[in-house]
Colleague: 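Pasting a structure below so you can have a look.
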Amino acid sequence: MLGAPPLAWQLLFFIVPLGFLLAMTFWSVRNFRLRPDFTVANWVTIFKADFFAKAFVHTFMLSFLAAVLCSLIAFPAAYAIVFRAKSATRRLLIFALIVPFFTSFPVRVYSMQVFFSPPGIINHLIEPFGWGPVHVLNTSTGTVIGFLTLTLPLVVLLQTLALGGVDETLIEASHNLRCGRFRTILTVILPSARVGLVLAAAFAFVLCFGDYISPQLLGGSRPPTLSILIADQVKSGNNWPRASVVAVSMIVTLMVVLGVLMRIAYGGRRES
């Protein structure tokens, strides 16, 4: 009985829409109208198209790169919050990480345009040194910056929670055995917080893989990602079935990636 409400929620708002989305992939469009017939032409057309393969590889690589960069950048911040900052400072820093979520993500992306546009703040600051102009907008670099803007505060928070669960006696024992700080991080802290760190990276990858705003506003849709490809399919002839094929492909990809990451996170753990 306690599990019924969340199961009903998942059934109503995830399983049923997913089933409808999967069924729509076999529909057809005639005269700009959907017809609920059964055809595999949408799958054949999408998977044979070069633009889908290029968009898939581009989206996957950018999302993977952003997840790795975000994890690497977030770890020193999370480490400092947990092991170096005092209690009052720690609470203030955590609050500062939550504050960006008070503003909608499109607004934050538009602020990035102010920084990285050709006449923007960054180029204005480096101009006296004879550098620049730096072209970031309408590039893959701009897309990755947008991904980091989206995921970095969340990943720092998740890593902070993961590191906060590390047994401090293990760290003290490592120091007593004359292990340096770097060796303690590698042999004690990272293995102890592995699950939380991998889950944080997984969240980053999922959010980046499905993001539409960053590739559109900062990347200039060149080359397009899968999320932009979905919008393009809908705009071109109201072709919802082909857009559904792309969406289902994204969901399957995310499930596979999450399965691999969960195996990495929990693979070495043994039930007591």
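Keep in mind that this is a model prediction, so the values were computed, not measured.
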Colleague: List the residues meeting ring-ring contact (aromatic ring centres under 6.0 Å, His included) with Phe205, not counting sequence neighbours, and say none if there are none.
Modeller: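 By the ring-ring contact (aromatic ring centres under 6.0 Å, His included) rule, Phe205 matches Phe60, Phe209.
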
Colleague: How long is the span from the CG atom in Leu261 to the OH atom in Tyr266, to the nearest 0.5 Å?
Modeller: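 OH of Tyr266 is found 11.5 Å from CG of Leu261.
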
Colleague: Can you tell me which residue pairs pass the side chain to side chain donor-acceptor pair (under 3.5 Å) test with a partner in residues 142-171, sequence neighbours excluded?
Modeller: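 Sorted result for residues 142-171: Asp167-Thr169.
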
Colleague: Which pairs of donor and acceptor atoms, one on a side chain in residues 243-255, lie under 3.5 Å apart (sequence neighbours left out)?
Modeller:
{"unit_1": "Ser244", "atom_1": "OG", "unit_2": "Trp240", "atom_2": "O", "d": "2.8"}
{"unit_1": "Ser249", "atom_1": "OG", "unit_2": "Val245", "atom_2": "O", "d": "2.8"}
{"unit_1": "Thr253", "atom_1": "OG1", "unit_2": "Ser249", "atom_2": "O", "d": "2.8"}

Colleague: For Val195 and Ala265, work out which heavy atoms get closest and say how close.
Modeller: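 Shortest heavy-atom separation between Val195 and Ala265 comes out as CG2-O, 3.4 Å.
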
Colleague: Indicate the atoms forming the closest heavy-atom contact of Ala193 with Leu163, along with that distance.
Modeller: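 Nearest pair, atom of Ala193 first, then Leu163: CB-CD2, 3.8 Å.
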
Colleague: Any chance you could measure Thr89, atom OG1, to Arg84, atom CZ, to the nearest 0.5 Å?
Modeller: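 Thr89 OG1 to Arg84 CZ: 14.0 Å, rounded to 0.5 Å.
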
Colleague: Closest approach of Ser117 and Leu137, non-hydrogen atoms and distance?
Modeller: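 Where Ser117 meets Leu137 most closely, the heavy atoms are CA-CD1, 3.5 Å.
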
Colleague: Going by side chain to side chain donor-acceptor pair (under 3.5 Å), name the pairs with one or both residues in residues 212-225, residues two or more places apart or in two chains.
Modeller: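 Applying side chain to side chain donor-acceptor pair (under 3.5 Å) to every pair that reaches into residues 212-225, excluding sequence neighbours, yields Asp211-Ser214, Gln216-Ser221, Thr225-Ser227.
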
Colleague: What pairs of residues pass the side chain to side chain donor-acceptor pair (under 3.5 Å) test when at least one of them lies in residues 56-65, not counting sequence neighbours?
Modeller: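 Every pair satisfying side chain to side chain donor-acceptor pair (under 3.5 Å) with a residue in residues 56-65: there are none.
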
Colleague: Who passes ring-ring contact (aromatic ring centres under 6.0 Å, His included) against Phe75, sequence neighbours left out?
Modeller: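 So Phe75 forms no ring-ring contact (aromatic ring centres under 6.0 Å, His included) with any residue.
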
Colleague: For the residue pair Leu218 and Gly146, what are the closest heavy atoms and their distance?
Modeller: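 Taking Leu218 first and Gly146 second, the nearest heavy atoms are CD1-CA, 3.5 Å.
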
Colleague: When you measure from the side chain of Asn239 to the backbone N and O of Gln233, does any donor-acceptor pair fall under 3.5 Å?
Modeller: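 No; judged by distance alone, with no hydrogens or angles, the pair does not exist.
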
Colleague: Excluding sequence neighbours, so at least two apart, what forms ring-ring contact (aromatic ring centres under 6.0 Å, His included) with Tyr79?
Modeller: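 ring-ring contact (aromatic ring centres under 6.0 Å, His included) list for Tyr79, sorted by chain: Phe83.
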
Colleague: Taking only residues two or more places apart in sequence or in another chain, which ones pass side-chain hydrogen bond (donor to acceptor under 3.5 Å, both in side chains) with Trp131?
Modeller: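 side-chain hydrogen bond (donor to acceptor under 3.5 Å, both in side chains) check on Trp131 returns nothing, list empty.
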
Colleague: Quick one: CZ on Arg181 to CG on Leu186, what's the gap to the nearest 0.5 Å?
Modeller: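 Rounded to the nearest 0.5 Å, the CZ-CG separation comes out at 13.0 Å.
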
Colleague: Let me confirm one number: the CZ-CG distance from Phe116 to Asn138, rounded to the nearest 0.5 Å.
Modeller: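 Rounded to the nearest 0.5 Å, the CZ-CG separation comes out at 13.5 Å.
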
Colleague: How close do Pro100 and Ala96 get, heavy atom to heavy atom, and via which atoms?
Modeller: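 Minimum heavy-atom contact is CD-O, 3.1 Å.
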
Colleague: The criterion is side chain to side chain contact (heavy atoms under 4.5 Å, CB included); which residues satisfy it with Ser28, sequence neighbours excluded?
Modeller: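 Once residues adjacent in sequence are excluded, the partners of Ser28 under the side chain to side chain contact (heavy atoms under 4.5 Å, CB included) criterion are Arg30, Arg35, Asp37, Thr39.
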
Colleague: So, Asn123 side chain and Pro119 main chain: donor-acceptor pair closer than 3.5 Å or not?
Modeller: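 No, the answer is negative, given that no donor and acceptor are paired below the 3.5 Å cut-off.
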
Colleague: Should the ring pair Phe56 and Phe52 be called parallel, tilted or perpendicular, given that the plane angle runs from 0 to 90° and is split at 30 and 60?
Modeller: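 Aromatic pair Phe56/Phe52 classed tilted.
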
Colleague: State, with a plain yes or no, whether a side-chain heavy atom of Ser87 is found less than 4.5 Å away from one of Arg90.
Modeller: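 SC-SC contact between Ser87 and Arg90 confirmed.
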
Colleague: Once you round to the nearest 0.5 Å, how far does CG of Asn238 lie from CG of Leu34?
Modeller: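 The CG atom of Leu34 is 6.0 Å from CG of Asn238, to the nearest 0.5 Å.
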
Colleague: For Ser71, give me all partners under side-chain hydrogen bond (donor to acceptor under 3.5 Å, both in side chains), at least two apart in sequence or on another chain.
Modeller: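 For Ser71 there are no side-chain hydrogen bond (donor to acceptor under 3.5 Å, both in side chains) partners, ignoring immediate neighbours.
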
Colleague: Between Val29 and Pro241, which heavy-atom pair has the shortest distance, and what is it?
Modeller: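 Answer, listing the atom of Val29 first, then Pro241: CG2-CD, 3.5 Å.
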
Colleague: Can you pull the ring-ring contact (aromatic ring centres under 6.0 Å, His included) pairs that have at least one residue in residues 88-109, sequence neighbours excluded?
Modeller: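 Residue pairs passing ring-ring contact (aromatic ring centres under 6.0 Å, His included), neighbours aside: none found.
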
Colleague: Mind checking side-chain hydrogen bond (donor to acceptor under 3.5 Å, both in side chains) for Trp27 and listing every partner two or more places apart, or none if nothing turns up?
Modeller: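 So Trp27 forms no side-chain hydrogen bond (donor to acceptor under 3.5 Å, both in side chains) with any residue.
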
Colleague: Drop me the distance from Leu161's CG to Ile94's CD1, to the nearest 0.5 angstrom.
Modeller: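 CD1 of Ile94 is found 7.5 Å from CG of Leu161.
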
